[in-house]
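The structure appears right after this line, and notes come after that.
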2 protein chains.
Amino acid sequence: MSNTKQDTATRILDRALALINTRGLMDVGIREVAKDLGMRPGNVTYYFPTKEHLVLALMERLRSLNASTVPTGEVRSVKEFLDRYRQMFRNQTAFVGLVVNMVNVMRYPSLARTYRTIEIERMGAITQAISELVAQGQLKHISDVRIARLTSTISLVSRFWTSEASLHPEQKINDAVMEHYMRLLATALKPVCTKAGRKSLKEAFAS
Amino acid sequence: MSNTKQDTATRILDRALALINTRGLMDVGIREVAKDLGMRPGNVTYYFPTKEHLVLALMERLRSLNASTVPTGEVRSVKEFLDRYRQMFRNQTAFVGLVVNMVNVMRYPSLARTYRTIEIERMGAITQAISELVAQGQLKHISDVRIARLTSTISLVSRFWTSEASLHPEQKINDAVMEHYMRLLATALKPVCTKAGRKSLKEAFAS
DNA sequence: CTTGGTATTGGACATTGTCCTATATCAGCT
DNA sequence: AGCTGATATAGGACAATGTCCAATACCAAG
């Protein structure tokens, strides 16, 4: 074989993600991933010494996917803001097996450590975006307390919508479900929108 | 010993809940619970054949706690509505080890089956409460779609606030944190409140 | 004081994550 | 070509876990 280390590691991650997305993080073992790839469990641990390393690598993939697909820089309109979240939502569906289980993923010490800072930045980014939208005349001037609450709501919805959806197993996660939770974000924003903001918000849902 | 079956089963549940609340569902094993009670693991499985049975019993406890502490019947004001949720929030903190991990709890087939119906009732109860508040002149008349979205937001926040809080490990879950998430519920309600509704909402937070 | 059900022990089993040593494979050098 | 060192894979071990089962202890009723 001409498999380089990179190749095999990638194949392991691909297969592991696919299995985790269908069967769930807790029900997918190293042995199952290995078997599916026609290799021995010991070989998987050669590339990823522990399951924690594997999950960490997958989360890094999600982070990198977000970095490459979600625009950064100043947010100029409510539509832009929501479009960024729509892209993040899409990315989350590709890693749904991990994202639904965020609470357990974060129990891995290395992930908790790594994402402690990311977490703070995440909240900070939302708060900043809201400030920018206020400056742009898209949102009304509101108190810091209300900004904090809006931030918290957006954070909670955007992080746990897949978990909530997973509790209604009769409906698979698809674009319609995703749009439903996008609407919840919009609903949270709407009361603090200016007239211009409301117009932009409407455009975010013009199919 | 004069331990009856009921006694020992209760002691097992008490200990298991305490351990799960501090160390998390996935990190607490039958052996640990048994050891803490000075008995053998096999004896725990005598009362609860599988971990699933144990978790099922604990969830039944939570359900029963809610049944005995959260008023039922028609909701007459926004304050009443929020007070019910405040009580549910309190109850959730007593079972936080399970509630933060709802996604995994529901992976147990028997729990998924049992709570499928409870889940539907839960959503239905929120929707009905909103209708009642509209009838009471506490909330504005809003479309079914908006009712559905409000229901979804309330459901999501009230189910996953502990999970969100657990991702900020620097702050332990306490009354202040609980009130923060209560405020998120209130913020979701406020835009659809009538004048009377807003007054009642304010009373819900008068310490 | 026997008896029958309840409670508890002690140990087995399969499965899991992890680890370690031996072997295979292959690229680069002479 | 043949050696060599690093990389890759196999094979099997280990401890811990959930689960199960047979043997024993206990205890209340007859």
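A note on names: the letters A, B, ... follow the listed sequences, proteins ahead of strands, and every chain is numbered from 1.
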Once you round it to whole Å, what is the distance between [atom2] of [N] and [atom1] of [X]?
X     : N      : atom1 : atom2 : answer
A/D7  : C/dC26 : CG    : P     : 14 Å
B/N43 : D/dC21 : CG    : C1'   : 14 Å
A/R11 : D/dA8  : CZ    : P     : 12 Å
A/R23 : C/dT15 : CZ    : P     : 15 Å
A/Y47 : C/dC19 : OH    : P     : 18 Å
A/M39 : D/dT7  : CE    : C1'   : 14 Å

Please tell me which of the listed nucleotides, [options], lies nearest to the side chain of [X]?
X     : options                : result
B/R40 : C/dA7, C/dT9, D/dT9    : C/dT9
A/T50 : C/dC19, D/dC20, D/dA10 : C/dC19
A/T8  : C/dT8, C/dC19, D/dT9   : D/dT9
A/K51 : D/dT7, D/dG18, C/dG17  : C/dG17

### Query
A/Y85 vs A/F81 aromatic rings, parallel, tilted or perpendicular, using cut-offs 30° and 60°?
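Rings of A/Y85 and A/F81: tilted, as their planes differ by 30° to 60°.
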### Task
Take the angle between the ring planes of A/Y181 and A/W161 and call it parallel below 30°, perpendicular above 60°, tilted in between.
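It falls in the tilted class, 30° to 60°.
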Should the pair [X]-[Y] be classified as a salt bridge under the 4.0 Å nitrogen-to-oxygen rule?
X      : Y      : answer
A/E119 : A/R159 : yes
B/D83  : B/R86  : yes
B/E60  : B/R63  : yes
B/E80  : B/R84  : yes
A/R31  : A/D36  : no

### DNA chain C contacts among residues 25-38 of chain A, heavy-atom distance under 4.0 Å
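Within this stretch, A/V28, A/G29, A/I30, A/R31 sit under 4.0 Å of the strand.
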Side-chain donor/acceptor pairs under 3.5 Å, residues 200-207 of chain A, sequence neighbours excluded:
| residue | atom | partner | partner atom | Å |
| --- | --- | --- | --- | --- |
| A/S200 | OG | A/V78 | N | 3.4 |
| A/S200 | OG | A/K79 | N | 2.8 |

### Query
To the nearest 10 degrees, what angle separates the axes at the start and end of the helix from C/dC1-D/dG30 to C/dT30-D/dA1, five pairs each?
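Roughly 20°, once rounded to the nearest ten degrees.
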### Message
Side-chain N or O of A/Y46 versus OP1/OP2 of D/dT9: is the shortest distance under 4.0 Å?
### Response
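No, no such contact exists.
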### Message
Is there a side-chain contact between A/V192 and A/L133 in this structure, where contact means two heavy atoms from C-beta onward sitting under 4.5 Å apart?
### Response
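The answer is no; the side chains never approach within 4.5 Å.
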